[in-house]
Amino acid sequence: MGPVIRRLDDQLVNRIAAGEVVERPASVVKELVENALDAGARRIRVELEEGGKTRIRVLDDGMGVPADQLPLVFERHATSKIHRPEDLDAITSLGFRGEALPSIGAVARVRFRSRPRGTAEGAVITWEGGRFQALAPAGGPEGTEVEVRDLFFNTPARLRFLKTTATERRRAVAVVTEMALAYPEVAFELWVEGRESLRTSGDGDPREAVAAVFGRERARRLIELEADGAGITLSGFLGPPDMARRDRSGQHLFINRRWVHSSPLGAAVERGYEGLLMTRQYPVFILHVGLDPAEVDVNVHPAKTEVRLRRERELFGLVVRAVRERLAGANLGRRLVRVEWEGEAGAGQGLDGGRPDRASLYETGRLFPGEVRDVAPAVGATEGWRRAAPGPEVAAAAGVDEVALPATLAVPEPGGEREAGAAGAGKELPPDETQAFRRLLRTCRVLGQLGRTYLVAEADDGLWLIDQHAAHERILFDRLRRAGSEPPVQQPLLVPIPLELGPERFELFWESREELAQLGFGLEPFGRHSLRVTALPVHLAGLADGGRLEAAVDELLELWQREGRRQPDRVLALLACKAAVKAGDALTQEQMDRLLQDLAATDVPFTCPHGRPTALSHPWSDLERRFGRRG
Ligand code: ADP
Ligand code: MG
């Protein structure tokens, strides 16, 4: 007997389709909000419980669905949005496939209540696991309310595939955030586990929506972009180079108001920033591309997060040029500096997107204080770093990616200079060597500070240079690690420091509140997605200095976003780095002596927590040889 071919029943078909359309709570949120927008809603309220796993509720004031049409809502390929084949060639609505609700209805318990505008009464229909349950008259306000409970209750394999509640929650929050950015004329409200997480005014001003999402302070620093050509309009906001992140989480791209995940157009924006960012930095931007719907094919993927563009290359060029020109014309403020230097290794010039003080250049290991000839604000230049650089072997020896170091300091003489941390990143040397180094730190005489970056010390065996930042980082890191098992010691702040995070970043930060409190941070929620820091861990009091806390939080969020939250040592290293004395900070004799004593008391005094050496030595023998005193 041959195989038996049968037509699948609707229930099974819908469950299969649900695999493509409904991947996770965030996809349900996306479909429901898109339906609300397609219905012309001016107000949309979204509620999430357990990150949307147990309950998602979306309320809108859109046109609604008449009672007699309600059964069709859950019918496969039933839609009010397209009717004729030609409609597919120029889609103006967000939905059109008529498969979202049947798919959701196949894998959850759904209650869909609607009352068309201007009618006296509405109706409610319920579906569970792909089966119709009931249809009944219902009161309630005009518009539509959809409640989705127990997603994947009947598909245990899918349920197991979901990530943690925290991760699912963040993804769902991100969806609403994107929608709010795309539709500034719609008032969005997002409630997460009973907390209000986002609220936009819906007044139609894109800047308002951006401020509601990014926080007013960040939004103020964005550079507005408007451009058009060849029937294409571009509008949006570009983050200044110093707002760049280490991942693409700050990039928001919309094509005809549809949020698209990945597109060559995102790469085009990045191209427009070329020369303004360091490697592995990604710009923050919100870009709306508007084009004739006939030029966009949205029918590429069931979840509709990818689109195909007819004139992609032309568009790519337009975006690159528009971004580049806009940035060139923008006053990027004192944030972008032009640097010229000259050292024994050669001369060069470049742009730095860091803080305008010289220290930021030294911190990155790119320059030594002695060799900077000029630092000046740079406006609109698009150059990167140009240098007569020593080769990569020097960079490797100095433990940095990129250098322009004077040869005398950076190039190890064969058999001469040696690193205290020669054993490598964070590895401990044999105990006797550690002991010897500790004794050296305790007994050496600090002669002074070199370039406000290195402590110069005389020891029994010769000259030592100690990197003040690396040493302090190690000290703070060790203290934080040791404090981990004790009750935290807090330093209250007289003036709390506000942190504007935005909905998605707030969720990520809030997930770690207990660990942060354990370290000694005092945190208070403030507004929808902002915090007030009321106290710092006593060892991290240095973070209270202008901007350091904000920078630390930015980097923490990037770390967690990139690699998850289980990185306790990386977190401590990062906090230690941000709170530590910087290259460029002047130190008193007393502070320098203290630093060496404290370094001696650490577990691994040779390296900073990132594995870079804290100290370099020039033994007497080396000096004697180089001065020709000995052969
Ligand atoms: P599609 O959006 O592709 O048409 P859906 O399955 O998402 O398919 O929705 C099916 C139909 O249900 C829509 O075409 C629309 O007519 C109706 N509908 C769904 N949600 C709403 C809503 N919030 N307000 C008004 N009508 C809605
Ligand atoms: Mg839809």
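As the structure lists them, so they are numbered: ligands from 1, and atoms in each ligand from 1.
N35 CB, 3.3 Å is the protein heavy atom nearest to atom 20 (N) of ligand 1. Of all protein heavy atoms, the one closest to atom 23 (N) of ligand 1 is D60 OD2, 2.9 Å. The single protein non-hydrogen atom nearest to atom 14 (O) of ligand 1 is S80 N, 3.0 Å, given as residue, atom name and distance. From the protein, the heavy atom lying nearest to atom 10 (C) of ligand 1 is A78 O, 3.8 Å. At the shortest separation from atom 8 (O) of ligand 1 among protein heavy atoms lies G98 CA, 3.2 Å. When hydrogens are left out, the protein atom nearest atom 12 (O) of ligand 1 is V73 CG2, 3.7 Å; that is the closest non-hydrogen contact. Nearest protein neighbour of atom 25 (C) of ligand 1, counting heavy atoms only, is A39 CB, 3.5 Å.
The proximity of D38 to ligand 1, defined as any non-hydrogen pair under 4.0 Å, does not occur for either the backbone or the side chain. The parts of A100 lying near ligand 1 are both backbone and side chain, judged by heavy-atom distances below 4.0 Å. Looking at L101 against ligand 1, both its backbone and its side chain come within 4.0 Å, counting heavy atoms. In T79, the parts holding a heavy atom less than 4.0 Å from any atom of ligand 1 are both the side chain and the backbone. Counting heavy atoms under 4.0 Å from ligand 1, residue F96 touches it through the backbone alone.
Proximity of S114 to E145: side-chain heavy atoms (C-beta onward) are nowhere separated by under 4.5 Å. Looking only at side-chain heavy atoms (C-beta outward), V58 and N35 stay at 4.5 Å or farther from each other.
Nearby protein atoms of type N, O or S around the Mg ion (ligand 2) amount to 1 (distance under 2.8 Å).
Taking 4.0 Å as the cut-off between side-chain N and carboxylate O, R43 and D60 do not count as a salt-bridged pair. A salt bridge is defined here as a Lys NZ or Arg NE, NH1 or NH2 lying under 4.0 Å from an Asp or Glu carboxylate O, and E558 with R570 fails to meet this definition. With respect to E208 and R216, a salt bridge is recorded, a charged nitrogen being found less than 4.0 Å from a carboxylate O. Under 4.0 Å is where a charged nitrogen must lie from a carboxylate oxygen, and between E168 and R170 no such pair does. Between R221 and D242, at least one side-chain nitrogen of the basic residue sits less than 4.0 Å from a carboxylate oxygen of the acidic one, meeting the salt-bridge criterion.
Among R55, R111, R57, the one residue that satisfies the side-chain hydrogen bond (donor to acceptor under 3.5 Å, both in side chains) test with E147 is R55.
Less than 4.0 angstrom separates some heavy atom of P102 from each of these atoms of ligand 1: 6 (O). Distances below 4.0 Å separate heavy atoms of R97 from the following atoms of ligand 1: 3 (O). Which parts of ligand 1 touch F112 is read off a 4.0 Å heavy-atom cut-off, strictly below it: atoms 19 (C), 20 (N), 21 (C). For ligand 1, the atoms lying closer than 4.0 Å to a non-hydrogen atom of G95 are 2 (O), 3 (O).
For F74, the closest heavy-atom approach to ligand 1 does not fall below 4.0 Å. At least one heavy atom of K81 lies less than 4.0 angstrom from ligand 1. Within the 4.0 Å heavy-atom cutoff, S93 does not count among the residues contacting ligand 1. Residue contacts with ligand 1 leave out G62, since none of its heavy atoms falls under 4.0 Å from the ligand. No heavy atom of M63 sits closer than 4.0 Å to any atom of ligand 1.
The shortest non-hydrogen separation linking R97 to H77 is O-ND1, 3.4 Å. Across all non-hydrogen atoms, the minimal contact from P293 to T92 is CG-CG2, 4.0 Å. Listed here is the closest heavy atom pair of P25 and L151: N-CD2, 3.7 Å. The two residues R45 and W191 come nearest to each other via the heavy atoms NH1-NE1, 3.4 Å. The shortest non-hydrogen separation linking V73 to P102 is O-CD, 3.7 Å.
Seen from the ring of F506, R528 does not count as a face-on cation partner, given the 6.0 Å and 45° thresholds.
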Go through the steps to decide whether V22 and F152 satisfy the test side-chain contact (heavy atoms from CB on, under 4.5 Å), and finish with yes or no. CA-CA 9 Å; V22 188; F152 299 141; 4.1 Å; yes

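Aromatic ring centroids of H252 and F214 lie under 6.0 Å apart.
Scored by the salt bridge (charged side-chain N to carboxylate O under 4.0 Å, His left out) test, R76 finds E99 as partners (sequence neighbours excluded).
Comparing L70, I82, V65 by heavy-atom distance to atom 18 (N) of ligand 1, the nearest is V65.
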